[in-house]
Amino acid sequence: MARTGSRVLVVVFAGVLALFIIGPLAWLAVRAFAASWTYPNLLPDGWTFRWWSVVFSDQALGIAVQNSLFFAPITVLASAVICLPAAYAFARFEFPGRRFFLIGVFAANAFPKMGLFVSLAALFYALNLMNTILGILVVHVLGTVVFMTWIPAAAFAAVPRSLEEAARDAGASTLRTFFSVTLPMALPGILVAAIMSFLASFDEAQGTYLVGTPDYMTMPTQMYSLVLNYPTQVAAVFSILLAIPSVALLLAAHKHIVGGHLAEGFQIK
Amino acid sequence: MTAEVEARPAVVRLAGRAASGRSRGFLMALPPMVLIAMFIGFPVVLAFGFSLGFTGGLNRTVALIGQNVHAAHGLAPTFSAYAEMFTNARFLGDLFVTVVVTLISTVLVVLLALGVGLYLKFSGGLIGKVLSTLAVVPLFIPVVIASWAILGFYSANGFLRSVAAQFGLGFPVWSYTLVTVVIGSVWTSLPFATLLVTSGLQAVPQAMIDAARDAGASFWRVVVSVVVPMAGVPIIIATTFTAIGVLGSFTVPYFTGPNSPNMLGVDMSNYFSSFNQPQQAVVIAFVVFAMASGIAAVYVWANFRSAKESGAV
């Protein structure tokens, strides 16, 4: 009796959680196909694809999509080049300042983002980085350092040293050992880091807005003005477009992310 | 004898490798540190100087453009920008709101994450899978969209009010209130906390739970005395990360919150862009940072405690 009772309770909890998480997204998504909507009906008055053509024929929105798809991969690449060697060093070497560096990465993340961008403005004016591609890239890469350092560091650390030693004993060079043993085993963790970095860049709005407007609008910054200047339905269509890459990545890497690579990375060792 | 002779070069080689590892490790770790020092550390120090009234050097442009700048005389710092903010009733109200929203959101997030994690640990099955998948979904939705979606869902013509109206009932409008700010904060913070807490709980050995059960402990007793303490470090990490994230958040309160009182992230942006008072914006940033540092200290302490326990130090 108590068992069925608690079972019902859990199902109710799952239902409420589903409503809480999915409800707002579904409610917004339906709006993208709604001709008009009368309160308090639960469905729109009619269906239409009109808002999609509005979005696809609007040049400014198209450019925002292009900009986002340009900045996100380059951010991931730049971040990987800068951070992956550091991640390996944190995992494998004991060096002076190691702990200070690890805490530094974290402290950089603890400073409020809006405050950081406000502080960055002075420096960016001085270095002529305002309204430049490089300036936006710097802002985007800054937001990915935590992911690209910590998660791969944990992945590298989890590769058993004995395997590397065995490869060395069998005559493999240091580089050969790294590329044939260490890297393949750490790859899922690096993949998770890359995806988190991609999403961080794709999602970055405040800094891009401060540094890039009006010359470089990305999808999230475009969303800011969209919400104020266009009908709700257009913002809904744009939201769906903006969510597509994220959901695709979710489906591709769900197993690795839930599998603990993310969680492992957030414990400094 | 021969063994000793042969063992020696190996030791020397190992020591040599450790020494080269020291410099190589340092050099490999340098690039992200330089990036952080240049584009976070340096501007933050600069901004701190600006908040204390030092308006020369790189701060000159900002100080010239900005209004209501408190300047220091000579080398003695002035705290008048801080004094101005801490006697400003609106700032104090927003500070209070920020602390309360952060506290409530963090508690809700950790409780939800624990609920999902515990269910997954003890029951699993289809419902467990559904719960954990649901909790991770927000990770993949840009915050701008999430805020916008949540605003519509709880608005005057939103879903909840529409459903209530079908039954002739009323339902409060939560959009543009602090309720949606809390809802939005919980929504966006849940995945991260759930991932950390779930993986922490999964790592608790089943044998210990069985042992406690065999000794006659009830389910809740096992949870409170065995499972949660053993997963303490990941839970603390999840809590601190959530709190720091909510504390400095901008997009959620900006989109879904009221004009006033609202959170300090929105104030920072207002003071910087709308009021053109960069010094006051920077002062707010440092107040938020001071609170975040307090939370961060707990995080660092928890990490090093766990590193010590596992013998890594």
Side-chain angles (χ1 to χ4, degrees), chain A residues 10 14 17-18 21 23-25 27-28 39-40 42 82-83 85-86 88-90 93 95-97 101 103-104 106-108 110-116 118-120 122-123 125-126 138 142 145 149 203 205-206 220 223 227 235 239 242-243 246-247 249-250 258 260 262-263 266-269, chain B residues 21-22 24-26 28-29 31-33 35-36 39-40 43-44 46-47 58-59 61-62 127 130-131 134 136-138 140-145 148-150 152-153 157 159 162 165 195-196 199 237 244 248 250-251 265 268-269 272 278 281-282 285 288-289 292-293 296 300 303 306-307 312:
Chain A
V10 167
L17 191 69
I21 299 284
L25 298 176
W27 188 247
L28 182 67
Y39 174 81
L42 288 178
I82 294 171
C83 300
Y88 185 78
F90 283 129
F93 301 125
F95 52 90
F101 280 2
I103 295 178
F106 173 64
F111 197 78
K113 280 273 151 56
M114 200 68 212
L116 172 68
V118 166
S119 312
L120 258 181
L123 185 69
Y125 276 122
V138 167
L142 282 179
V145 170
T149 323
D203 201 4
Q206 312 160 30
M223 219 17 224
V227 166
S239 297
L242 188 44
S246 312
V247 173
L249 289 175
L250 164 79
V258 176
L262 188 75
F266 279 79
Q267 308 198 19
I268 304 179
K269 291 222 173 88
Chain B
R22 282 170 76 86
R24 200 192 301 162
F26 183 79
M28 284 169 83
M33 295 307 135
L35 188 79
I36 288 176
F39 290 107
I40 297 182
V44 164
L46 212 61
L58 280 172
N59 284 329
T61 320
V62 185
I127 296 180
V130 168
L131 284 179
L134 274 175
V136 176
V137 166
F140 296 89
I141 306 297
V143 183
V144 189
I145 295 181
W148 182 235
I150 287 167
F153 194 69
N157 56 2
F159 177 77
S162 299
L195 286 174
L196 284 177
S199 108
I237 294 175
I244 289 173
F250 167 76
T251 307
M268 263 181 248
S269 161
F272 187 76
V282 167
V288 174
F289 184 51
S293 305
V300 171
N303 265 304
S306 88

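For the numbers below, each heavy atom of this structure counts, side chains included, while hydrogens, waters and symmetry mates do not. On a predicted model such as this, the values are computed, not experimentally measured, just so you know.
- Interface remark: Ser269(B) contributes backbone and side-chain atoms alike to the contact with chain A (heavy atom separation under 4.5 Å).
- Contacts between Phe101(A) and chain B at a heavy-atom distance below 4.5 Å involve backbone atoms as well as side-chain atoms.
- Side chains of Met28(B) and Phe93(A) form a contact here, defined as non-hydrogen atoms less than 4.5 Å apart.
- Interface remark: Val130(B) contributes no atoms to any contact with chain A (heavy atom separation under 4.5 Å).
- For Ile40(B), the parts sitting under 4.5 Å from any heavy atom of chain A are the backbone and the side chain alike.
- Considering all non-hydrogen atoms of both residues, Met268(B) and Gly115(A) come closest at SD-N, 3.3 Å.
- With a threshold of 4.5 angstrom between heavy atoms, Leu35(B) approaches chain A through its backbone and through its side chain.
- With hydrogens and angles disregarded, no donor-acceptor distance shorter than 3.5 Å links the side chain of Asn157(B) to the backbone of Pro40(A).
- The candidate from Phe250(B), Phe153(B), Phe272(B) with the greatest count of non-hydrogen atom pairs under 4.5 Å with chain A is Phe153(B).
- The closest side-chain heavy-atom distance from Ser162(B) to Trp27(A) is below 4.5 Å.
- Both the backbone and the side chain of Val118(A) come within contact range of chain B, with heavy atoms under 4.5 Å apart.
- At a threshold of 4.5 Å between non-hydrogen side-chain atoms, the residues Pro32(B) and Cys83(A) count as touching.
- Put simply, of Leu58(B), Val282(B), Val143(B), the one with the most heavy-atom pairs under 4.5 Å next to chain A is Val143(B).
- Closest of all the heavy-atom pairs between Leu123(A) and Pro43(B) is CD2-CG, 4.1 Å.
- For Leu17(A), the parts lying under 4.5 angstrom from a heavy atom of chain B are both the backbone and the side chain.
- Counting heavy-atom pairs closer than 4.5 Å to chain A, the top-ranked of the candidates Ile127(B), Thr61(B), Leu46(B), Asn59(B) is Ile127(B).
- Both the backbone and the side chain of Ala14(A) have a heavy atom closer than 4.5 Å to some heavy atom of chain B.
- Contact of the Met223(A) side chain with the Trp148(B) side chain is registered, since non-hydrogen atoms from C-beta on lie closer than 4.5 Å.
- With a threshold of 4.5 angstrom between heavy atoms, Phe39(B) approaches chain A through its backbone and through its side chain.
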